S.K.: 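Before anything else, here's the structure in question.
Since we're looking at a predicted model, the values are computed, not measured. Below, each value reflects all heavy atoms present in this structure, side chains not excepted, and no hydrogens, waters or symmetry copies. Note that the numbering runs from 1 along the sequence shown for the chain. When a ligand or atom number is given, it counts from 1 through the structure's own listing order.
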Amino acid sequence: MSSVRSNGQRKRVFIRTYGCQMNVYDSDRMADVLRPLGYALAAVPEQADLVVLNTCHIREHASEKVYSELGRMRDLKVERRAGGSDLTIAVAGCVAQAEGEEIARRQPAVDIVVGPQAYHRLPQLLAEAERKAAIAKAGKRLPGAGVLDTDFPAESKFDHLPAPMGVRAGSAFLSIQEGCDRFCTFCVVPYTRGAEYSRPAAKVLAEARQLVEAGAIEITLLGQNVNAYHGEAPSSSLGGGTTWSLARLIREIAGIEGVARIRYTTSHPRDMDDELIAAHGEVPQLMPYLHLPVQSGSDRILEAMNRRHGRDLFLRLADRLRTARPDLALSSDFIVGFPGESDADFDDTMRLVEQVGFASAFSFKYSRRPGTPGAAMDGQVPETVKSARLHALLVLLADQARAFNASKVGQTVPVLFAEPGRRPGQLVGKTPWLQSVYANGQVRLIGRIVAARLTEGHANSLAGEIVTVDDPGACEAAA
Ligand code: SAH
Ligand code: SF4
Ligand code: F3S
């Protein structure tokens, strides 16, 4: 298909990302796939020839947002066609996977529906959409092309993606594992992303090196269940079996020159093995922060959720991790109002939170997702009860987050600056414990790790002052 508009300008794509880090990674990779076709990035849909909504299906609210956004895109398309040009509308991500046919029915202006395992085929899908749109236009009909690709292909998309282009502010995501075989009874991910798949270690290491060459100093390893990673070992690796664990992979990535920070997300408590706990104590680049979703503190609810562990395992893990790395900040996800959750079950969650002490957390009201076992369970909890429990939990977690941030005030810590802050002259960055820090500093410090003294702690961030800038020239390329 043509890479330029009829007026000779380059074509532009606008990509809107909803949901988790996996989608952030996929959106960047879709931009990489579209770049050789001549597409530059647009900042707003109004400037774009192609709009991609990269969607999330995890809760009802997330997927409904997509349909209202599609209504706006339809209006834009009508306007364009009235003016003699066009707008191609694509829906990608987990709603595309779960509701492909329904999207086309509910919003006929959609041209392309592409699942999270199929977007490497966007060039072919666009060509097909262009062909179909030409026919539709000739017939003076509004509908989009209705091209659908939600297959889980036999070969991995990773083998068909171009090398990652650009790294933002020194920090990069690297997807190492996809899909999930755990089938928690509330969760759509096993259906939208498919079976668990670990990329071969050699390919992950090659991508890590490319990212470092492109300017990354922090790499976050991604997967829906990232600590279940068991990628094929490189043929050159001596000993250690035919697959590598996440711990082994982290140690190898730490050996790449230039990697200052390593993180990984999201983990399942059942897959925290001894080797990975040990790595937290032994690999200096592995940051002292772990997002480890527990969902509930009640054994009964954990069982109904099919989490395959009880509260004791989580408490033990928290202890062992803190023994390995005493300053480790723990973060988690919680669901309140899962079917059958009683006041006593919810109290168990509150007590677990009090016992562990979290640096940060995400809490959600249970959302009934079509096709998941939880949706059909007895004992659905009324909305008012869910709201009251969520509020109580949020108050407790906010107190803990504030206390954690306050505990760092007065310390001088390394901050990786990521972007300008809201106020003029201000930058915002991350501590090793993933806290946001606001400090006055020059834009050229973006993408660098700089020592900052923390002066004030709040619920969601800290204020700081930059202390030293030892090597002022070094950040120019990364900024
Ligand atoms: N793979 C990760 C996270 C998956 S989704 C894990 O295993 O923990 C991110 C979070 O969304 C989950 O941890 C859970 O807290 C929340 N979530 C998932 N399905 C949900 C549902 N049906 N209702 C409410 N929250 C949900
Ligand atoms: Fe969903 Fe559970 Fe898999 Fe996490 S482990 S992605 S919550 S099924
Ligand atoms: Fe949402 Fe899919 Fe991620 S459902 S949370 S975008 S894996």
S.K.: Within C94, is some N, O or S atom less than 2.8 Å away from atom 3 (Fe) of ligand 3?
M.R.: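 Looking at C94, which is the residue asked about, there is no N, O or S atom under 2.8 Å from atom 3 (Fe) of ligand 3.
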
S.K.: Among F358, Y366, F186, exactly one meets ring pair (Phe, Tyr, Trp, His ring centres under 6.0 Å) together with F334. Which residue is that?
M.R.: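 Only match with F334 under ring pair (Phe, Tyr, Trp, His ring centres under 6.0 Å): F358.
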
S.K.: Could you check whether any side-chain heavy atom of R389 comes within less than 4.5 Å of a side-chain heavy atom of V381, counting everything from C-beta outward?
M.R.: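 The answer is yes; the side chains approach within 4.5 Å.
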
S.K.: Need the ligand 1 atom indices (1-based, order shown) with element for anything under 4.0 Å from a heavy-atom of R369.
M.R.: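 Near R369, the atoms of ligand 1 are 22 (N).
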
S.K.: Can you tell me which residue and heavy atom of the protein come closest to atom 3 (Fe) of ligand 3, and the distance to 0.1 Å?
M.R.: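 I find the closest protein heavy atom is C20 SG, 2.3 Å.
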
S.K.: For a 4.5 angstrom cut-off between non-hydrogen side-chain atoms, does R311 reach S298?
M.R.: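 No, side chains not in contact.
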
S.K.: Please find the pair of heavy atoms, one from S175 and one from M22, that lie closest to each other, and give the distance.
M.R.: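 Nearest heavy atoms, S175 then M22: OG-CE, 3.7 Å.
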
S.K.: Tell me, which protein residue and heavy-atom name are nearest atom 2 (Fe) of ligand 2, and how many Å apart are they?
M.R.: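 Closest protein heavy atom to atom 2 (Fe) of ligand 2: C184 SG, 2.2 Å.
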
S.K.: For T431 and K408, which I'm curious about, is there any donor-acceptor pair between the side chains at under 3.5 Å?
M.R.: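 There is no such pair between these side chains.
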
S.K.: Any chance the side chains of Q97 and H57 put a donor and an acceptor closer than 3.5 Å?
M.R.: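 Not at all, the side chains of Q97 and H57 share no donor-acceptor pair under 3.5 Å.
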
S.K.: For ligand 1, which atoms, with element, lie under 4.0 Å from some heavy atom of Y366?
M.R.: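 So the atoms of ligand 1 that pass are 23 (N), 24 (C).
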
S.K.: Just checking H61 against Y67, ring centres under 6.0 Å apart?
M.R.: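 Aromatic pair excluded; centres sit 6.0 Å or further apart.
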
S.K.: For the ring pair Y197 and Y229, is the centre-to-centre distance below 6.0 Å?
M.R.: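 So the answer is no for these two rings.
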
S.K.: Check whether any N, O or S atom of C180, backbone or side chain, sits closer than 2.8 Å to atom 3 (Fe) of ligand 2.
M.R.: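 Yes.
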
S.K.: Please identify which of these residues, D149, D32, D26, meets the salt bridge (Lys or Arg N to Asp or Glu O under 4.0 Å) condition with K157.
M.R.: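 Of the listed options, the one satisfying the test is D26.
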
S.K.: Just which atoms of ligand 2 are under 4.0 Å from any heavy atom in H268?
M.R.: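 Near H268, meaning under 4.0 Å from one of its heavy atoms, ligand 2 has 5 (S).
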
S.K.: Is the Y264 ring parallel, tilted or perpendicular to the H280 ring (thresholds 30°, 60°)?
M.R.: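 It falls in the tilted class, 30° to 60°.
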
S.K.: Looking only at protein heavy atoms, which one is nearest to atom 4 (S) of ligand 3, and how far off is it?
M.R.: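 I find the closest protein heavy atom is H57 N, 3.3 Å.
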
S.K.: Among all protein non-hydrogen atoms, which one is nearest to atom 19 (N) of ligand 1, and what is the separation to 0.1 Å?
M.R.: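 In this structure, atom 19 (N) of ligand 1 has F186 CD1, 3.2 Å as its nearest protein heavy atom.
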
S.K.: What are the atoms of ligand 2, with element, lying closer than 4.0 Å to any heavy atom of P190?
M.R.: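 Result: 8 (S).
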
S.K.: Give me the nearest non-hydrogen protein atom to atom 3 (C) of ligand 1 as residue plus atom name, then the distance to 0.1 Å.
M.R.: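 Answer for atom 3 (C) of ligand 1: T266 CG2, 4.2 Å.
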
S.K.: Side-chain contact test, heavy atoms from C-beta onward, threshold under 4.5 Å: evaluate it for L352 versus L315 and give yes or no.
M.R.: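 They are in side-chain contact.
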
S.K.: Nearest to atom 21 (C) of ligand 1 by heavy atom, S332, S296, S367: which?
M.R.: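 Considering heavy atoms of S332, S296, S367, the nearest to atom 21 (C) of ligand 1 sits in S367.
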
S.K.: At the 4.0 Å heavy-atom cut-off, does R307 count as touching ligand 2?
M.R.: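 Checking ligand 2 against R307, which is what was asked, there is a heavy-atom contact under 4.0 Å.
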
S.K.: What protein heavy atom lies closest to atom 10 (C) of ligand 1? Include the residue and the distance to one decimal.
M.R.: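 That would be D333 OD2, 3.4 Å.
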
S.K.: Do any nitrogen or oxygen atoms of H268 lie less than 3.5 angstrom from nitrogen or oxygen atoms of ligand 1?
M.R.: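 No, there is no polar N/O contact under 3.5 Å.
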
S.K.: Counting each atom of ligand 3 from 1 as listed, which ones have a heavy atom of Q224 under 4.0 Å away?
M.R.: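 Atoms satisfying the 4.0 Å criterion: 7 (S).
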
S.K.: Out of all atoms in ligand 2, which are within 4.0 Å of some heavy atom of R182? Include the element for each.
M.R.: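 Those of ligand 2 that fall under 4.0 Å from R182 are 5 (S).
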
S.K.: For ligand 2, does P293 get within less than 4.0 Å through its side chain, its backbone, both, or neither, judged by non-hydrogen atoms?
M.R.: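 It is neither; nothing of P293 touches ligand 2.
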
S.K.: What's the shortest distance from atom 1 (Fe) of ligand 2 to any protein heavy atom, and which residue and atom give it?
M.R.: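 Closest protein heavy atom to atom 1 (Fe) of ligand 2: C187 SG, 2.3 Å.
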
S.K.: Going by distance only, is there an N or O of Q224 that falls short of 3.5 Å from an N or O of ligand 1?
M.R.: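 The answer is yes, given that Q224 and ligand 1 share an N or O pair closer than 3.5 Å.
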
S.K.: So is I58 touching ligand 1 or not, going by heavy atoms under 4.0 Å?
M.R.: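 I58 counts as a contact of ligand 1 under the 4.0 Å cut-off.
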
S.K.: Return yes or no for this condition: an N or O of N225 is under 3.5 Å from an N or O of ligand 1.
M.R.: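 Looking only at distances, the answer is no, because the N/O contact criterion of under 3.5 Å is not met.
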
S.K.: Give the numbers and elements of all ligand 3 atoms closer than 4.0 Å to a heavy atom of N23.
M.R.: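 Within the 4.0 Å cut-off of N23, ligand 3 contributes 6 (S).
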
S.K.: Report the part of F186 in contact with ligand 2, treating N, CA, C, O as backbone and CB onward as side chain, heavy atoms under 4.0 Å; options are side chain, backbone, both, neither.
M.R.: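 It is the side chain that gets close, since no backbone atom is under 4.0 Å.
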
S.K.: Applying salt bridge (charged side-chain N to carboxylate O under 4.0 Å, His left out) to E419 and R168, what does each step give before you reach the verdict?
M.R.: CA-CA 9 Å; E419 58 191 354; R168 274 188 291 267; over 6 Å; no

S.K.: For the 3.5 Å polar cut-off, considering only N or O atoms, please tell me whether R59 and ligand 1 meet it.
M.R.: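 Yes, R59 has an N/O under 3.5 Å of an N/O on ligand 1.
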
S.K.: Give a yes or no answer on whether the side chain of D181 reaches the backbone of A195 with a donor-acceptor pair at less than 3.5 Å.
M.R.: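 Pair absent, no side-chain N/O of D181 close to backbone of A195.
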
S.K.: Within the side chain of N23, is there an N or O that forms a donor-acceptor pair under 3.5 Å with the backbone of T55?
M.R.: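 Answer holds: yes.
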
S.K.: For R307, state whether at least one heavy atom is located under 4.0 Å from any atom of ligand 1.
M.R.: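 Under 4.0 Å: yes for R307.
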
S.K.: Give the numbers and elements of all ligand 1 atoms closer than 4.0 Å to a heavy atom of K365.
M.R.: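 Answer for ligand 1: 23 (N), 24 (C).
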
S.K.: Looking only at side chains, do S27 and N54 share a donor and an acceptor under 3.5 Å apart?
M.R.: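 Side-chain D/A pair, S27 to N54: present.
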
S.K.: Inspect the contact between D299 and R307 and indicate whether a charged nitrogen and a carboxylate oxygen are less than 4.0 angstrom apart.
M.R.: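 Between D299 and R307 there is no salt bridge, as every charged N stays at least 4.0 Å from the carboxylate O atoms.
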
S.K.: Counting heavy atoms only, which part of V189 comes closer than 4.0 Å to ligand 2: side chain, backbone, both or neither?
M.R.: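 Looking at V189 and ligand 2, just side chain atoms fall under 4.0 Å.
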
S.K.: For atom 14 (C) of ligand 1, find the nearest protein heavy atom and state the residue, atom name and distance (0.1 Å precision).
M.R.: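 Ranking protein heavy atoms by distance from atom 14 (C) of ligand 1, first comes Q295 OE1, 3.4 Å.
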
S.K.: From atom 1 (Fe) of ligand 3 out to just under 2.8 Å, does an N/O/S atom of C56 turn up?
M.R.: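 Coordinating: yes.
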
S.K.: With side-chain hydrogen bond (donor to acceptor under 3.5 Å, both in side chains) as the criterion, how do Q177 and Q224 come out once you've worked through the C-alpha distance, each side chain's angles and the decisive distance to 0.1 Å?
M.R.: CA-CA 7 Å; Q177 182 275 340; Q224 261 87 21; 5.8 Å; no

S.K.: Measuring from the heavy atoms of M22, does anything fall under 4.0 Å of ligand 3?
M.R.: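 Judged by the 4.0 Å heavy-atom criterion, M22 does not count as contacting ligand 3.
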
S.K.: Would you say that H291 contacts R263 through its side chain, given a criterion of any heavy-atom pair below 4.5 Å between the two side chains?
M.R.: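 H291 vs R263: side chains apart.
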
